[in-house]
Amino acid sequence: MPAGRPRWARGAAPPPGGARPPVGATTPAVGAASASVGRQVRSLSLAGESGVVPLARDFARQALYAWGWLPAAGADRRAAAEDVLLVVSELVTNACLHAEGPEGLRISLDNKVLRIEVSDRGSGQPAPRTPHRAGRPGGHGMFIVQRLCLDWGVLRTSGVAGKTVWAELGAPA
């Protein structure tokens, strides 16, 4: 795969409310922002990086500042921004622990829905642990994602190793 080209540009299903570029299309440069008809997207390559969880959180925080979620004007906006940062941390951590590490992070904002996508090369299927045991350490990541997000899921591309785990959160009112 060419450097700087996110894996999700290779034939994965389009996100709600927007089409992905055709296979072979140019995607924004690593760490770049783009906007088209109200849609804003930021992508970051994480392949081979160390300290990916704080790197991903910092990248997400910069996007939230650029999109006006931060600095937060009130408690609801602050909580919404903290939820985004927590979900980014959980998805990237899961890729580190269960999927050979993350390949990339993509964050998009469209029609008051913020979508987080973390691609990895793992074959496993993320799922909240059931029953959830609040008092035990570990195993809370996908439970937290499920509780904070409007929806979440996994995209796979036939013939391509790995997956993209995505989660969507609503923008504060």
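Just so you know, residue 1 is the first one in the sequence shown, and it goes up from there.
Pairing each heavy atom of Val52 with each of Pro102, the nearest pair is CG2-CG, 3.9 Å. In terms of heavy-atom proximity, Trp67 sits nearest to Val41 at CZ2-N, 4.1 Å. Of all heavy-atom pairs between Glu103 and Asp120, the closest is CG-CA, 3.9 Å.
Going from atom CG of Asp83 over to atom SG of Cys149 covers 8.0 Å, rounded to the nearest 0.5 Å. Expressed to the nearest 0.5 Å, how far CD of Gln125 lies from CZ of Arg156 amounts to 5.0 Å. Rounding to the nearest 0.5 Å gives a distance of 13.5 Å between CD1 of Ile116 and OG1 of Thr164. With rounding to the nearest 0.5 angstrom, the CD atom of Glu117 is 9.0 Å from the CG atom of Leu105. To the nearest 0.5 Å, atoms CD (Gln62) and CG (Leu44) are separated by 9.0 Å. Between the CG atom in Leu114 and the CD atom in Glu168 there is a gap of 9.0 Å [rounded to 0.5 Å].
With sequence neighbours left out, the side-chain contact (heavy atoms from CB on, under 4.5 Å) criterion links Leu85 to Arg57, Ala60, Arg61, Leu64. Remark: Leu86 engages Glu90, Ile144, Leu148 in a side-chain contact (heavy atoms from CB on, under 4.5 Å) (not counting sequence neighbours). A search for side-chain contact (heavy atoms from CB on, under 4.5 Å) contacts involving Ala171 returns Trp69, Lys112, not counting sequence neighbours. Here Asp151 pairs with nothing under the salt bridge (charged side-chain N to carboxylate O under 4.0 Å, His left out) rule; sequence neighbours left out. Here Ala79 pairs with nothing under the side-chain contact (heavy atoms from CB on, under 4.5 Å) rule; sequence neighbours left out.
Listed by first then second residue, pairs satisfying salt bridge (Lys or Arg N to Asp or Glu O under 4.0 Å) with a partner in residues 67-79 number zero, not counting sequence neighbours.
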For residues 91-100, tabulate all N or O donor-acceptor pairs below 3.5 Å that involve a side-chain atom, not counting sequence neighbours.
unit_1 : atom_1 : unit_2 : atom_2 : d
Thr93  : OG1    : Ser89  : O      : 2.7

